[in-house]
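Okay, so here's the structure we're looking at.
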Amino acid sequence: MKKTFLSFIMLACSSFLAAQAQTLSIGDFDSIEEWGEYGGNLYNGSSWECVPINLVYTNSGTQIILTKEELADMAGKNITAFRFTPYDGGSYQEITYNVKVYLAETNRTTFYKNSSNQRYLYFDVSRCEKLYDDVQIHDGYTYAYCDGAPIELTFDTPFYYSGNNNLVVTIIAEDADDTTPGIDYVNFYQTDLTKRAITFSSNKETFSNVLAGDRYAAKSGVSIENAPICQFSYTDGTPMAESWFSYVPTEDEDLQIEGYEAYQVETVDGSYAKLTRVAKAKKGTPLIVCQSVSPTVSPAEGALDNVSNNLLKVSDGTVSGGDNIYALAKKEGTVGFYRVKNTVTIPAGKVYLEVSAGANEVIFIDGMTDGIEQMSTESHVNTGDDAWYNMQGQRVEKPVKGIYIHNGKKTVTLIPQHYNLTLFISS
């Protein structure tokens with residue numbers, strides 16, 4: 001009786017947890033779980049047209065673009081798994097390979113193609129978190145001819161998808177210990193979403209190395225294909241915490257991604273650095289970025305933003321601190337430009353401000369100059385403590401009558417004879 005009751009409880013808990021996870025399919029995923037029920041198309045033609053992996057080669061992979069409209073049900077959710085189903089054309093051997101998965105938000109719906117060398121560019125994943133990294137086994141003996149068991153990649157870390165941008169899925173399969181014959185290669189089913197996937201296949205080079213170096217795809221052995229039939233699992237989401245960092249583009253970049261705001265500093269007025277958003281940045285432009293999504297940026301097309309008034313500079317590795325040198329930092333919960341000690345050298349590639357000597361200890365971020373983006377200290381600076389600063393950016397132990405910065409807000413303190421009164425004024 002106890003065992004039966006315990007089994008019932010475990011089954012109920014399992015059913016409850018399963019109910020919390022939901023799925024979203026791209027294409028008719030359910031119909032291909034058993035061969036014969038789906039009448040859609042396969043990736044026919046050259047073997048390198050296989051999406052998302054290609055087991056004719058020891059190394060393969062793909063990147064897939066899916067739009068926010070297609071993924072609307074997952075907006076504001078945590079993506080926990082990705083799966084796809086193979087069609088086995090007679091490959092009865094066991095193949096072990098290493099698989100990696102990255103997800104990132106993008107503003108693009110197509111793959112960028114360079115006009116000079118006519119080559120497509122893979123999306124950069126160098127700043128993306130790796131969600132899956134494990135060994136997978138393709139076992140042709142476990143199912144019947146032309147049948148396929150779903151390949152499921154359950155993420156080590158859920159990916160929060162804001163739903164405000166499109167999504168790039170990067171799948172890397174490397175170092176296969178065997179491959180399928182070219183005439184019997186493992187194939188996959190495709191949707192009617194045209195030109196949404198770019199392939200990679202090689203017996204000599206890994207996709208990881210390509211993505212870490214020159215990301216322009218080779219002229220041969222690469223194909224632009226329809227998105228594959230696939231499926232996501234997702235659960236209730238937890239938005240990413242907002243983070244700030246300095247950034248210098250390595251190429252002309254399009255930074256118009258919702259939840260990823262890049263800024264230049266045009267003026268420093270008293271205790272505040274006034275910011276202007278930069279949408280299309282020239283290579284080498286020093287910027288500061290506020291990020292609340294996991295993005296991958298793309299090359300800029302068309303006119304670039306004017307940054308001739310940008311006060312930010314890039315360290316070459318020899319810049320030392322001083323009375324007029326400030327670096328982006330977060331101290332006691334407050335993001336701002338803080339004076340760098342003269343014993344500190346700013347690392348190469350990091351952004352800094354150089355202002356008049358004898359300025360304040362901290363320059364707060366304020367900025368609302370071009371009407372594109374407004375950033376008040378109230379919405380973007382939250383100390384989370386009881387620290388007080390005067391209007392010169394200097395921390396004070398106990399405020400007296402006057403105007404101060406407290407918990408990221410301008411605060412007017414009035415000190416009557418018998419009691420203290422603090423009024424919070426939105427800045």
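Residue numbers run from 1 in the order of the sequence given.
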With a 4.0 Å cut-off, would you call Arg215 and Glu251 a salt bridge?
yes

Are Ile198 and Ile224 close enough that some pair of their side-chain heavy atoms sits under 4.5 Å apart?
yes

No-hydrogen, no-angle side-chain donor-acceptor test under 3.5 Å, Thr267 and Asp269:
no

Strictly by modelled atom types, are Glu258 and Ser162 linked by a side-chain donor-acceptor pair under 3.5 Å?
no

Are Thr285 and Val278 packed together at the side-chain level, in the sense that at least one heavy-atom pair is separated by less than 4.5 angstrom?
no

So, Tyr247 and Glu253: side-chain donor and acceptor under 3.5 Å apart, yes or no?
yes

4.5 Å side-chain heavy-atom contact, Ser25 and Gln231
yes

Output field: ring centroids Phe123/Phe111 closer than 6.0 Å:
yes

Between Ile95 and Asp177, is there a side-chain heavy-atom distance shorter than 4.5 Å?
yes

Heavy-atom check, side chain of Tyr161 versus side chain of Tyr234, under 4.5 Å
no

Is there a donor in the side chain of Tyr326 and an acceptor in the side chain of Arg339, or the other way round, less than 3.5 Å apart?
yes

Side chains of Thr296 and Arg108: do they bring a donor and an acceptor to under 3.5 Å?
no

Once the angle between the rings of Phe84 and Phe188 is folded into 0 to 90°, is it parallel (under 30°), tilted (30 to 60°) or perpendicular (over 60°)?
perpendicular

Would Glu361 and Lys331 pass as an ion pair if we require N to O under 4.0 Å?
no

Take atom NZ in Lys280; do more than 12 heavy atoms of anything else shown fall under 6.0 Å from it?
yes

Are side-chain heavy atoms of Val265 and Leu353 found at a separation under 4.5 Å?
yes

Do Leu71 and Phe232 come within less than 4.5 Å of each other through their side chains, counting heavy atoms only?
yes

What I'd like to find out is whether the side chain of Gln136 reaches to under 4.5 Å of the side chain of Leu153, using heavy atoms alone.
yes

Tell me whether the rings of Tyr260 and Phe245 are parallel (<30°), tilted (30 to 60°) or perpendicular (>60°).
tilted

Determine whether the side chains of Glu174 and Ser208 contain a donor N or O and an acceptor N or O closer than 3.5 Å.
yes

With under 30° as parallel and over 60° as perpendicular, where do the rings of Tyr216 and Tyr112 fit, or are they tilted in between?
tilted

Please give me the minimum heavy-atom distance between Tyr97 and Ala176, naming the atom from each residue.
CB-CA, 4.0 Å

